Protein chains: 2
Amino acid sequence: MGRVQEDMKRSGSCGLPPALEVMGERWSFLILRAAFNGIVHFENFSSELGIARNILSDRLSRLVRHGVLQRTPCEHDRRKVEYRLTEKGCDLLPAMLALRQWGEKYTMRTPANPVLVDTRDRRPIAPIRIRAADGRELCWRDLAWQDRSEPS
Amino acid sequence: MGRVQEDMKRSGSCGLPPALEVMGERWSFLILRAAFNGIVHFENFSSELGIARNILSDRLSRLVRHGVLQRTPCEHDRRKVEYRLTEKGCDLLPAMLALRQWGEKYTMRTPANPVLVDTRDRRPIAPIRIRAADGRELCWRDLAWQDRSEPS
DNA sequence: GCGGAAGAGTTTCGATTCGCCACTTAATTC
DNA sequence: GAATTAAGTGGCGAATCGAAACTCTTCCGC
């Protein structure tokens, strides 16, 4: 067995390192949250997050480089620039909410407010869970690693 | 840290900043992944992740301090120490998997292998999604913020 | 018991990154 | 055309990271 295979065996071909390459830095998730909240301009990110301007500049261009945000100069006011979530960026919402819900559950004194609701029935969304292909909820004990080529 | 309080003032009481306070640093999620893979000893974390020993030491005690890992000296060999996931730590699994699945979807050349399966039917787990209270899958457009005291 | 080795850190120190503040540049408003 | 706004960039001291060497305790073989 070659070294590459051994490496794969040890930690598998895992999507976590590349994800952290993009989102693992200090402000990335907070910038993402702001973007989900409708912030699009540099100055608004800056004042909303209280982040240093040079760091913000670096993080925004990093997120753009990785395709999470799209940078478009504003039509009607060409001083302004819009940073908008791409589809790839929107797909980070489950990860962000899972992290947020964990933070709410464990490290907050008061219950969260305001709360995220479904627009159709105005009820709070469900906690994010791991599910089997058929929809059953799973916990850590129910999970196992399996090689793709292995027979079931 | 005072910054969290400031953040709360600005954008509501959100669980994300405290979650990032715990898990936002460079190696925290990778250490967590290793813990989920059954790693318990300092030396194994070190060789598995290729992280500098001083940083690993700092991250582990940070995770212990925040109640994600529990540190217990080994019974039968008192040179060794075990770092095990607490319930609070186990509850990070959905967030970690959501991030991992995102990384697999967008930033990996080859499909992931091995793959995480349900032990009961040996089928791969479902993608992690946001759901309404009644189980319907939701996307970003279906979500809204609502004050707790507000009438529905 | 004793020499050697393993496990879990700690120290040291150079390299990198962070973060505050001032500055620049271009577009817009008055 | 003067002042203001938006989006950055540059300088510089402080904090953090990272690799390697070192410490300290515990275990193993003899």
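These numbers were taken from a predicted model, which means no experiment stands behind them. So you know, we letter chains A, B, ... as the sequences are listed, proteins then strands, and number each from 1.
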What pairs with B/Asn44 under side chain to side chain donor-acceptor pair (under 3.5 Å), at least two apart in sequence or on another chain?
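Testing B/Asn44 for side chain to side chain donor-acceptor pair (under 3.5 Å), a comparison that skips the adjacent residues, returns none.
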
Return the value, rounded to whole Å, for the distance between atom [atom1] of [X] and atom [atom2] of [N].
| X | N | atom1 | atom2 | value |
| --- | --- | --- | --- | --- |
| A/Glu25 | D/dA15 | CD | C1' | 16 Å |
| A/Ile55 | C/dT17 | CD1 | C1' | 7 Å |
| A/Leu30 | C/dC18 | CG | C1' | 15 Å |
| B/Arg79 | D/dC28 | CZ | C1' | 8 Å |
| A/Leu56 | C/dC18 | CG | C1' | 14 Å |
| B/Glu75 | D/dC27 | CD | C1' | 16 Å |
| A/Glu82 | D/dA7 | CD | P | 10 Å |
| B/Leu49 | D/dC17 | CG | P | 15 Å |

Is it true that A/Arg136 and A/Asp142 make a salt bridge, defined as a side-chain N closer than 4.0 Å to a carboxylate O?
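No.
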
Sequence-distant partners of [X], side chain to side chain contact (heavy atoms under 4.5 Å, CB included), two or more places apart:
| X | result |
| --- | --- |
| A/Gln101 | A/Ile125, A/Pro127, A/Ile128 |
| B/Cys74 | B/His41, B/His76, B/Lys80, B/Glu82 |
| B/Glu43 | B/Arg53 |

Check the phosphate of C/dG19 against A/Trp27, side-chain N and O only, distance under 4.0 Å to OP1 or OP2. Yes or no?
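Result: yes.
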
Would you say C/dC18 has OP1 or OP2 under 4.0 Å from some side-chain N or O of A/Arg59?
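Checking A/Arg59 against C/dC18: at least one side-chain N or O falls below 4.0 Å of OP1 or OP2.
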
Counting only heavy atoms from other residues, nucleotides and ligands, does the tally under 6.0 Å from CD of A/Glu137 exceed 12?
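More than 12 within 6.0 Å, yes.
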
Between B/His41 and A/Ala52, who's closer to the 5' end of DNA chain C by nearest nucleotide?
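Checking each residue's closest nucleotide, the 5'-ward one belongs to B/His41.
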
Between the protein and nucleotides 8-10 of chain D, which nitrogen or oxygen pairs are less than 3.5 angstrom apart?
| unit_1 | atom_1 | unit_2 | atom_2 | d |
| --- | --- | --- | --- | --- |
| D/dG8 | OP1 | A/Arg71 | NH2 | 3.1 |
| D/dG8 | OP2 | A/Tyr83 | OH | 2.5 |
| D/dG8 | N7 | A/Arg53 | NE | 3.1 |
| D/dG8 | N7 | A/Arg53 | NH2 | 2.9 |
| D/dG8 | O6 | A/Arg53 | NE | 3.3 |
| D/dT9 | OP2 | A/Ser57 | OG | 3.0 |

Ignoring hydrogens and angles, does a donor from either the side chain of B/Arg78 or the base of D/dT26 sit under 3.5 Å from an acceptor on the other?
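Looking at the base of D/dT26, it does not pair with any donor or acceptor on the side chain of B/Arg78 (distance under 3.5 Å).
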
For A/Val117, which fellow cluster members are found when Ile, Leu, Val, Met, Phe, Trp and Tyr are connected by side-chain heavy-atom distances below 4.5 angstrom, either directly or through intermediates?
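ILVMFWY cluster around A/Val117 also holds A/Val115.
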
